[in-house]
Number of protein chains: 2
Amino acid sequence: MSKSRPHVTEAELAVLEVLWEQDRATIRAITDRLYEAGSTSEYATVQKLLERLEAKKLVARSRSSVPHVFRARVSRERLIDSRLRDVADALCGGSMTSLLTQLVSGGKFDAEDVLRLRELVEKLDSRREKRS
Amino acid sequence: MSKSRPHVTEAELAVLEVLWEQDRATIRAITDRLYEAGSTSEYATVQKLLERLEAKKLVARSRSSVPHVFRARVSRERLIDSRLRDVADALCGGSMTSLLTQLVSGGKFDAEDVLRLRELVEKLDSRREKRS
DNA sequence: GATTACTCAGTCAGGTCGTCTGAGTCTGAG
DNA sequence: CTCAGACTCAGACGACCTGACTGAGTAATC
């Protein structure tokens, strides 16, 4: 988390979810999406969350028009990756490989999961070979 | 995290690490391990951390002797798994499979990693077949 | 009997997080 | 022009968490 991996709060995440879903959105749109009602204070809450997300460079704000338009600067995939890295740092000495090993050997996966995983490994392997 | 998956603090984790390393330990032993000095207040800090860990059922305390002897009730592997589950819940709709897919396809792994992963998948597959 | 180590309960400051308020700005309708 | 409504921006707030610390009481040891 420390290494330029700011923590994303649950409420902040909810905002990001909307941005992932809608690509671009105003505070109003996000507020209505999250709260239905969209009162003044709820609007302000979303505003503050966006402000913090912007400070963490996780969303971009376009000030060229009013109301401002926001978009996510980070994908869900990157966020997942960053959280996994946090876990690896905290519990696996920073090794993503250990984490992966742990996840694979520990989890319960059915036939379909294993099949998909196998395909994924194949793809990974061939991609790696091509690089070298 | 909510589902009987209490959050483990960094300081609490440091205590757990010692317990994993030493199996059983007194507060004194843990304090000396973590702080070298082992002053009164540091001792009390460790004590409080153990108290909280005990409340979370992550360590067991034997009161039959004084000083009390502590041991971990959760392995590093289980803790990793629980954190991964947190990530899955927060970002993958609770699906560990999605998380796994993300981890495999997103991470940078070298030839050795891929080889090990492949073996792991084999093992997982045969284990699964045996079960059915 | 005093010292030392330990347990147990409680406190405390600093930080984070979600929420909310208020002051000021801009714009469009009447 | 003026007013109302929507928006931005800065700040504050209480609740909570976390690590650190204190003090009172108890048991053991010399």
Side-chain angles (χ1 to χ4, degrees), chain A residues 1-2 4-19 24-71 79 82-83 86 90, chain B residues 1-2 4-19 24-56 58-71 79 83 86 90:
Chain A
M1 201 186 313
S2 35
S4 85
R5 258 180 276 139
H7 182 234
V8 178
T9 295
E10 215 171 305
E12 287 169 354
L13 182 56
V15 169
L16 271 181
E17 296 272 2
V18 176
L19 286 177
R24 280 148 202 282
T26 63
I27 300 180
R28 174 64 52 201
I30 299 172
T31 306
D32 290 348
R33 183 76 179 72
L34 291 178
Y35 294 97
E36 320 245 330
S39 71
T40 301
S41 63
E42 286 158 348
Y43 182 97
T45 297
V46 172
Q47 190 172 35
K48 181 60 76 181
L49 294 173
L50 280 165
E51 180 186 317
R52 289 174 184 163
L53 283 168
E54 190 188 10
K56 295 174 190 171
K57 307 213 183 279
L58 298 179
V59 316
R61 175 199 305 243
S62 163
R63 288 163 211 270
S64 55
S65 63
V66 166
H68 296 174
V69 177
F70 296 82
R71 64 175 176 81
L79 204 56
S82 111
R83 291 237 180 153
D86 290 342
Chain B
M1 200 186 314
S2 37
S4 86
R5 258 180 275 138
H7 182 233
V8 178
T9 295
E10 215 172 306
E12 287 169 355
L13 182 57
V15 169
L16 271 181
E17 295 271 3
V18 176
L19 286 176
R24 280 148 201 282
T26 62
I27 299 179
R28 174 63 51 199
I30 298 172
T31 306
D32 290 348
R33 182 75 180 72
L34 290 179
Y35 294 96
E36 319 248 329
S39 71
T40 301
S41 64
E42 286 160 348
Y43 182 97
T45 297
V46 172
Q47 190 172 35
K48 181 61 77 182
L49 294 172
L50 280 166
E51 180 185 316
R52 288 174 184 162
L53 283 168
E54 190 189 9
K56 296 174 190 170
L58 297 179
V59 316
R61 175 201 303 245
S62 163
R63 288 164 210 270
S64 55
S65 63
V66 166
H68 295 174
V69 176
F70 295 82
R71 64 176 176 79
L79 205 55
R83 292 237 180 154
D86 290 341

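First the proteins, then the strands, lettered A, B, ... as listed; each starts at 1. Any value given below was found using the heavy atoms of this structure, including those in side chains, with hydrogens, waters and symmetry copies removed.
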Q: Is the shortest heavy-atom distance from the side chain of B/Leu19 to the side chain of B/Leu53 under 4.5 Å?
A: no
Q: Go ahead and name the base partner of D/dT2; Watson-Crick or wobble counts if both distances stay under 3.5 Å, otherwise write none.
A: C/dA29
Q: Taking the side chain as every heavy atom from C-beta outward, state whether B/Glu17 and B/Leu13 have any pair of such atoms under 4.5 Å apart.
A: yes
Q: Any residue in residues 41-50 of chain B with a heavy atom nearer than 4.0 angstrom to DNA chain C? Just list them by number, or reply none.
A: B/Tyr43, B/Gln47, B/Lys48
Q: Which distance, rounded to the nearest 0.5 Å, do you find between the CG of A/Asp32 and the CD of A/Glu42?
A: 9.5 Å
Q: Closest heavy-atom contact between B/Ala25 and B/Ile30?
A: CB-CG1, 3.8 Å
Q: Find out whether B/Gln47 and B/Thr45 are in side-chain contact, i.e. whether some heavy atom of one side chain is under 4.5 Å from a heavy atom of the other.
A: no
Q: Between NE2 of B/His7 and NZ of B/Lys56, what distance do you get to the nearest 0.5 Å?
A: 7.5 Å
Q: Answer whether the closest heavy-atom distance between the side chains of A/Val59 and A/Leu49 falls below 4.5 Å.
A: no
Q: Round to the nearest Å and state the distance from B/Glu51 atom CD to D/dA20 atom C1'.
A: 14 Å
Q: Going by heavy atoms closer than 4.0 Å, what residues in residues 26-36 of chain A are next to DNA chain C?
A: A/Tyr35
Q: Are the side chains of A/Val15 and A/Phe70 in contact, using a 4.5 Å heavy-atom criterion?
A: no
Q: Decide if atom CZ of A/Arg61 counts as having more than 12 heavy atoms of other residues, nucleotides or ligands within a radius under 6.0 Å.
A: yes
Q: Whole angstroms only, please: what is the CZ-P distance between A/Arg61 and D/dC7?
A: 13 Å
Q: Is there any protein nitrogen or oxygen under 3.5 Å from a nitrogen or oxygen in nucleotides 13-17 of chain C, and what are the pairs?
A:
from: C/dC17; atom 1: OP1; to: A/His7; atom 2: ND1; distance (Å): 3.0
from: C/dC17; atom 1: O5'; to: A/Thr9; atom 2: OG1; distance (Å): 3.4

Q: Got a donor-acceptor contact below 3.5 angstrom from the A/Arg83 side chain to the A/Val8 backbone?
A: yes
Q: Would you mind reading off the distance between B/His68 atom NE2 and D/dA27 atom C1', rounded to a whole angstrom?
A: 11 Å
